[in-house]
Amino acid sequence: MVVGVLASGAGSNLAALVDAGVPVAVVVVDRSCPAEAVAAERGIPVVVVARSSFGADFDRVAYTKAVVDALADADVDLVVMAGFMTVLGAPLFETYAGRVLNTHPALLPAFRGAHAVRQALAAGVKITGCTVHVATLELDAGPILAQEAVPVEPDDDEATLHERIKVVERRLLPATVHEILERGSVT
Ligand code: GRF
């Protein structure tokens with residue numbers, strides 16, 4: 001299976017995937033971000049599908065088609081969203097039905113969305129964690145493949161808690177992808 005990774009940020013999960021031996025053929029980013037350098041340092045081509053609008057006029061379907069085209073151009077079979085911060089539309093989930101993974105920094109179904117770590121702190125939970133799941137059109141709602149708990153410490157802020165979660169994600173995501181590659185199918 002050829003793997004494509006979608007990223008928007010630091011790219012530490014991307015680095016963990018590649019450094020664990022996952023064959024990443026292309027990285028697609030939605031903005032200029034450190035993940036581009038992470039890919040370049042590892043000799044992986046990067047395609048920037050820049051998001052032109054963050055307002056109500058954003059054409060999510062057209063944007064998603066451009067992302068799908070970039071993945072298809074690299075003959076990708078399995079898509080891994082590793083901190084991709086644009087919600088994608090139906091064309092991705094039609095083209096890659098059941099073959100899109102996401103890592104989320106909370107124990108789904110708790111704390112869906114872009115501010116999961118902040119929400120966990122606000123809720124006062126003592127344990128949160130991370131989830132690797134099959135992504136579907138409904139945000140952060142697809143079948144769960146792997147989860148691991150992470151304690152919330154009394155003096156945590158969003159940055160310290162997120163980093164403790166990311167340490168686990170960087171192990172759980174590559175391990176889950178390796179299992180899929182060995183099996184030859186997501187489930
Ligand atoms: C991860 O915590 C992921 O769950 C969230 O964004 C973070 C990405 O981190 N959606 P990085 O860019 O891989 O370092």
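Residue numbers run from 1 in the order of the sequence given. For ligands, and for the atoms within them, numbers begin at 1 and follow the listed sequence.
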Is it true that E36 and R31 have a side-chain N and a carboxylate O under 4.0 angstrom from each other?
no

Please write down residue, atom name and distance for the protein heavy atom closest to atom 8 (C) of ligand 1.
G83 CA, 3.7 Å

Sort and list the pairs that fulfil side-chain hydrogen bond (donor to acceptor under 3.5 Å, both in side chains) and have at least one residue in residues 39-54, not counting sequence neighbours.
D19-R42, R51-T86, S53-D57

Indicate yes or no: does an N/O atom of T103 lie under 3.5 Å from an N/O atom of ligand 1?
yes

Donor-acceptor pair, H104 side chain versus A141 backbone, under 3.5 Å?
no

Is L88 close to V100 at the side-chain level, that is, under 4.5 Å between some pair of heavy atoms?
no

Heavy-atom nearest option to atom 11 (P) of ligand 1, drawn from S12, G9, A106:
S12

Can G11 be said to touch ligand 1, with heavy atoms closer than 4.0 Å?
yes

Taking only non-hydrogen atoms of H162 and a 4.0 Å limit, the atoms of ligand 1 in range are 1 (C), 2 (O), 7 (C)

Would you indicate whether the side-chain heavy atoms of L181 and V3 approach each other to under 4.5 Å?
yes

Option with minimal heavy-atom separation from atom 4 (O) of ligand 1, where the choices are H104, E169, R170
E169

F58 vs Y63 aromatic rings, parallel, tilted or perpendicular, using cut-offs 30° and 60°?
tilted

Please state which protein non-hydrogen atom is closest to atom 9 (O) of ligand 1 and give its distance, to 0.1 Å?
K166 NZ, 3.1 Å

A student checking ligand 1 against A10 at a 4.0 Å heavy-atom cut-off should list atoms 12 (O), 14 (O)

